[in-house]
There are 2 protein chains.
Amino acid sequence: MNNNDKISPAVIRRLPKYYRYLGELTKMGLNKTSSRELSEMTGFSASQIRQDLNNFGGFGQQGFGYDVENLRNEIARILGLDKKYKIIIIGAGNIGQAIANYTGFYEADYEVVALFDKNPKLIGMSMRNALIKDIDELEEFLNVENIDIAVICTPKSVSQQVAEQLVQCGIRAIWNFAPKDLKMPDYVHVENVHLNESLFSLTYYYNQMNKKKSE
Amino acid sequence: MNNNDKISPAVIRRLPKYYRYLGELTKMGLNKTSSRELSEMTGFSASQIRQDLNNFGGFGQQGFGYDVENLRNEIARILGLDKKYKIIIIGAGNIGQAIANYTGFYEADYEVVALFDKNPKLIGMSMRNALIKDIDELEEFLNVENIDIAVICTPKSVSQQVAEQLVQCGIRAIWNFAPKDLKMPDYVHVENVHLNESLFSLTYYYNQMNKKKSE
DNA sequence: TAGATTGTTAATCGATTAACAATC
DNA sequence: TAGATTGTTAATCGATTAACAATC
């Protein structure tokens, strides 16, 4: 268990997938699995799966495999899915509202406690249990509440400025949906969801396929 | 220009970023740039940028650099942003509606022509210029209209089945927002936006930082 | 025990970086 | 011309895969 070494981001991005497939195995009533079986499900090689898991410890049993529930719990613990997280969303437009209403976060205990916007038409509305507040109240709010994660769903023109304000108020984890790369100090982690970049690469591959077809 | 070699996905995923920063340079009124300047903006090494671009051709001028507008156009052409694309969205819930209303696709000519859902409360509503239709009309619709890209925003339980139906009707490019890996034939390209996986890795890094802080 | 599968080391592969000749 | 910066080859680095001893 070398918890102190830096784990490659590629490994971290595979963990949620293992976690998801282990959940499916549980649902199917299976309590034992192997790197070979996980390989078939995920498409990653069995060797890679064993390498990945052994970054965090030996969760398997030689000659036997892995206990599904145990391995799932271990991955949950590694990712931190065994804890509660309070989230705020900045920008209550299309994307902000969609995230607020998104039910796909059930795996862990994520709670959207508030949204912030500057549009008076939106302020005062509520999404699920979260109220849309005036962006001017953001700092005051952050001084009182203990927020773990901030989601940026503003237009890109203000995203950098909003991010800086968040960091000044103590936020250290940002989930960024604005199509812009935020310049942030090292102690802030930014996870980007760049929808346009995703769509552009899909477009590239779509055209590649059409090219091949017409050859 | 070795258009026929397979370009690494890592390269393709950087292209939209180059494209975006070149747009910013244009806005700033600059018409000349260099791999060094792009390196400072994007955070990728100058060497990598030159390598990436030279997968597609020599767009620069030795001793001078790159013409901003020309390079931007070339990347647009490589990605296919110089063409029009018709999109449909399957599932008109939170995410589906957000995508339909998303204005961040202005770079290229993407048009959402219809949404599909099975919820009678949603059917008949319209998002921007697109109508929400009954999912039962999907096949008929695809037989008549020429659709380039389908976006899956359904619950994960039906995503695989929906994807198969789309492929049967000729769809070859899928933008998948359902938290599930679609099993698809090779001639279909799937681009995944797995929001929960993204949030989970953010959670991991958030906890890592807290661990460091308390050491 | 024999068979199976992990944990882990070594080999391979691919992607990134460095270096530099070409040349504007 | 001299300085600058590309295009491209070679070197390095890191991640993936293969192999196999450990062991259940």
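Below, read A as the first sequence line, B as the second, and so on, with proteins coming before strands; counting in each chain starts at 1.
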Exercise. Taking N and O atoms by type only, does the side chain of B:Q51 place a donor or acceptor under 3.5 Å from a partner on the base of C:dT17?
Worked result: yes

Exercise. In the strands shown, is C:dG14 matched to any nucleotide by a Watson-Crick or G-U wobble pair with both distances under 3.5 Å, and which?
Worked result: D:dC13

For this session: Look at the rings of A:Y110 and B:F200 and say which category their plane angle falls in: under 30° parallel, 30 to 60° tilted, over 60° perpendicular.
Result: parallel

Problem set entry | From A:F56 atom CZ to A:E74 atom CD, the distance as rounded to the nearest 0.5 Å | 11.0 Å

Exercise. Expressed in angstrom and rounded to an integer, what is the separation of A:F59 atom CZ from C:dT6 atom P?
Worked result: 14 Å

For this session: Measure distances between side-chain N and O atoms of A:S47 and base N and O atoms of D:dA18, and say whether any donor-acceptor pair falls under 3.5 Å.
Result: yes

Exercise. Separation of A:Y66 atom OH from C:dA4 atom P, in whole Å?
Worked result: 17 Å

Exercise. Among the nucleotides C:dA19, C:dT17, C:dT6, which one has an atom lying closest to any side-chain atom of B:R50?
Worked result: C:dA19

Exercise. To the nearest angstrom, how far is B:R13 atom CZ from C:dA15 atom P?
Worked result: 11 Å

Exercise. From the list D:dT17, C:dT16, C:dG7, which nucleotide is the closest neighbour of the side chain of A:S45?
Worked result: D:dT17

Problem set entry | Proximity to the side chain of B:N54 - top-ranked nucleotide from D:dC24, D:dT17, D:dT8 | D:dT8

Exercise. Looking at CD1 of A:I174 and CG of B:L202, how far apart are the two atoms once the value is rounded to the nearest 0.5 Å?
Worked result: 9.0 Å

For this session: Answer with yes or no whether B:Q62 presents, from its side chain, a donor or acceptor under 3.5 Å of a partner atom in the base of D:dT8.
Result: no

Exercise. Over how many whole Å does the gap from A:K6 atom NZ to D:dC13 atom C1' extend?
Worked result: 17 Å

Exercise. What orientation do B:Y205 and A:H189 show, parallel under 30°, tilted 30 to 60°, or perpendicular over 60°?
Worked result: parallel

Seminar exercise, completed: Rounded to whole Å, the CG-P distance (B:D52 to C:dT16) equals 7 Å

For this session: Nearest whole angstrom, please: distance from the P of D:dT6 to the CG of B:L53.
Result: 9 Å

Exercise. Counting only Watson-Crick or G-U wobble pairs whose two distances fall under 3.5 Å, which nucleotide matches C:dT23?
Worked result: D:dA4

Exercise. Under 4.0 Å between a side-chain N/O of B:R14 and OP1 or OP2 of C:dT16, yes or no?
Worked result: yes

Exercise. Atom CG of A:N55 to atom C1' of D:dG14: distance rounded to whole Å?
Worked result: 13 Å

Exercise. Can any side-chain N or O of A:S39 pair as donor or acceptor with the backbone N or O of A:S35 at less than 3.5 Å?
Worked result: no

For this session: Using a cut-off of strictly less than 4.0 Å, decide whether A:S34 has a side-chain nitrogen or oxygen near OP1 or OP2 of C:dT5.
Result: no

Problem set entry | side-chain N/O B:S35 vs D:dT6 OP1/OP2, d < 4.0 Å | yes

For this session: Rounded to the nearest angstrom, tell me the gap between atom CZ in A:F64 and atom P in C:dG7.
Result: 12 Å

